[in-house]
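The first residue in the sequence is number 1, and the count goes up from there.
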Amino acid sequence: FVNDGSTDGSAKIVEKYAKVDERITIINKKNGGVSSARNVGMDVAKGEYLLFVDSDDLLAKNMISELYKLSKEHDADIVTCDSLPFYDTFVAPETTMNLKIHNDPKKVMQMLLSNQGMEIAVTRRIFKTDAIGDLRFNENCIMYEDMIFLYNLSLRINRFVESGSTLYFYRQREGSLMHAKYTDRHIDLLSVFNDFEKTIKENTPELLPEFYYYKLCVIGDQYKTLIY
């Protein structure tokens, strides 16, 4: 558990669990943002797999066991499930598996960039630790850090599996970074995309059309933030 300078008392809750479960490690650090917190956790992780969970979100009880089983069965470097938003109340939906196996990681990135039903988030997935290796999140990237991480990871993996089951639930609330009104952080967006474009040109220039589509969609969404 990475306590990234929280002030809501959540660290005390985790400390109670840590006293009765030796598997829980608590890392207290100054607030450095989501990428910094994830990197710190990755640096000390010792398990075979990594799973990122945002503090506001919920997991189905069988999420980890189901994704782990699929990874073992199909020798997959990444296994993902579907997700749904929730607000103040939560009711777990009925879900069924709709398995998809991808043996071409570049095709997966094409789907991500072109918004073909593939969610752009590192949550709701398990990753083989060995596949990630020394790859880390860009701590200078304030927004859309997940896309850049997933792109760089796609250059390292062999197989990606979608379970199709809805097992991850993310809280929607006013004031979150992705739903906030315009701030100076949005200025960083252009710099992020410029760096991302250079990376794609160097490694997978055939994905540039999908990248330009993604860039247009993101900037359009941010423009709507300014208007509304």
Side-chain angles (χ1 to χ4, degrees), residues 1-60 63-64 67 78 80-81 83-88 90 119-153 167-189 191-193 195-196 218 221-222 225:
F1 175 85
V2 179
N3 174 25
D4 190 38
S6 65
T7 58
D8 60 0
S10 56
K12 293 183 179 179
I13 297 174
V14 179
E15 287 172 358
K16 293 181 180 179
Y17 283 98
K19 291 179 180 179
V20 296
D21 192 332
E22 62 182 11
R23 296 172 300 176
I24 298 177
T25 298
I26 301 175
I27 301 172
N28 294 302
K29 61 183 290 293
K30 293 182 179 180
N31 181 264
V34 62
S35 292
S36 172
R38 289 170 176 169
N39 286 342
V40 168
M42 293 165 72
D43 287 342
V44 301
K46 299 178 181 178
E48 184 181 1
Y49 290 86
L50 288 173
L51 166 68
F52 300 100
V53 181
D54 288 343
S55 58
D56 289 341
D57 299 346
L58 299 174
L59 279 64
M63 174 183 165
I64 296 175
L67 300 191
I78 305 174
T80 186
C81 64
S83 65
L84 283 175
F86 72 97
Y87 292 85
D88 294 331
F90 170 75
E119 295 178 281
I120 303 170
V122 296
T123 55
R124 73 212 66 172
R125 315 178 194 275
I126 63 169
F127 304 85
K128 280 187 178 178
T129 305
D130 288 344
I132 291 177
D134 61 356
L135 181 63
R136 295 294 183 266
F137 290 89
N138 182 351
E139 296 185 20
N140 295 320
C141 182
I142 304 299
M143 304 174 71
Y144 301 96
E145 65 282 343
D146 285 13
M147 169 59 88
I148 296 173
F149 180 85
L150 289 172
Y151 171 81
N152 288 322
L153 183 57
L167 302 171
Y168 190 94
F169 310 95
Y170 57 96
R171 189 185 302 273
Q172 295 277 45
R173 59 185 176 83
E174 291 295 329
S176 67
L177 181 58
M178 292 305 294
H179 295 87
K181 295 298 183 180
Y182 177 80
T183 69
D184 289 343
R185 290 179 173 180
H186 290 75
I187 298 175
D188 295 332
L189 190 58
S191 176
V192 167
F193 274 120
D195 291 341
F196 193 15
V218 169
D221 285 342
Q222 298 306 316
T225 299

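Annotation: L84, atom CG; neighbour count of heavy atoms from other residues, nucleotides and ligands within 6.0 Å is above 12.
Residues L50 and K128 have side chains not in contact (no heavy-atom distance under 4.5 Å, counting atoms from C-beta outward). Considering only heavy atoms from C-beta on, L67 stays 4.5 Å or farther from R125 through its side chain. E15 is listed as a side-chain neighbour of I26, based on a closest heavy-atom distance under 4.5 Å. Using a 4.5 Å heavy-atom threshold, the side chains of D146 and F137 count as touching. Within the 4.5 Å cutoff, the side chain of M63 has heavy atoms near those of the C81 side chain. Looking at L51 and L59, their side chains come closer than 4.5 Å, going by heavy atoms from C-beta outward. Proximity of D195 to F193: side-chain heavy atoms (C-beta onward) are nowhere separated by under 4.5 Å. Inter-residue side-chain proximity for R136 and D43 is flagged as met; some heavy-atom pair is nearer than 4.5 Å.
Checking side-chain atoms of T129 against main-chain N and O of G47 turns up a donor-acceptor pair under 3.5 Å. Checked by atom type and distance alone, the side chain of N152 pairs as donor or acceptor with a backbone atom of I148 at under 3.5 Å. For D54 (side chain) and D56 (main-chain N/O), no donor-acceptor pair under 3.5 Å exists by modelled atom type.
S83 and R124 share a donor-acceptor pair across their side chains, judged by distance under 3.5 Å alone. Inspection of the S36 and N39 side chains reveals no N or O donor paired with an N or O acceptor under 3.5 Å. Defined by atom type and a distance below 3.5 Å, a donor-acceptor pair is present between the side-chain atoms of Y168 and D57.
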| Residue pair V34, E145: steps toward the side chain to side chain contact (heavy atoms under 4.5 Å, CB included) verdict | CA-CA 9 Å; V34 62; E145 65 282 343; 3.5 Å; yes
| task | Start with the C-alpha gap between T25 and F1, add the side-chain angles, then the distance that decides, and say whether side chain to side chain contact (heavy atoms under 4.5 Å, CB included) holds. | result | CA-CA 6 Å; T25 298; F1 175 85; over 6 Å; no
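Nearest heavy-atom pair across C141 and S35 is O-OG, 4.0 Å. When all heavy atoms are compared, the tightest approach of Y17 to I13 is CD1-O, 3.2 Å.
Y49 has its ring centre no less than 6.0 Å from the ring centre of F127.
Exactly one of V122, L153, I126 qualifies for a side chain to side chain contact (heavy atoms under 4.5 Å, CB included) with I78. That residue is L153.
Cation-pi contact between R38 and F52: present, with separation from the ring centre below 6.0 Å and deviation from the ring axis of at most 45°.
The pair D4-K30 fails the salt-bridge criterion, with no side-chain N (NZ, NE, NH1 or NH2) lying under 4.0 Å from an Asp/Glu carboxylate O.
The distance from the CD1 atom of I24 to the CG atom of D21 is 4.5 Å, given to the nearest 0.5 Å. If you take CG on N140 and OG on S191, they are separated by 8.5 Å, rounding to the nearest 0.5 Å.
Residues meeting the side-chain contact (heavy atoms from CB on, under 4.5 Å) test with L58, sequence neighbours left out: F86, F90, F169.
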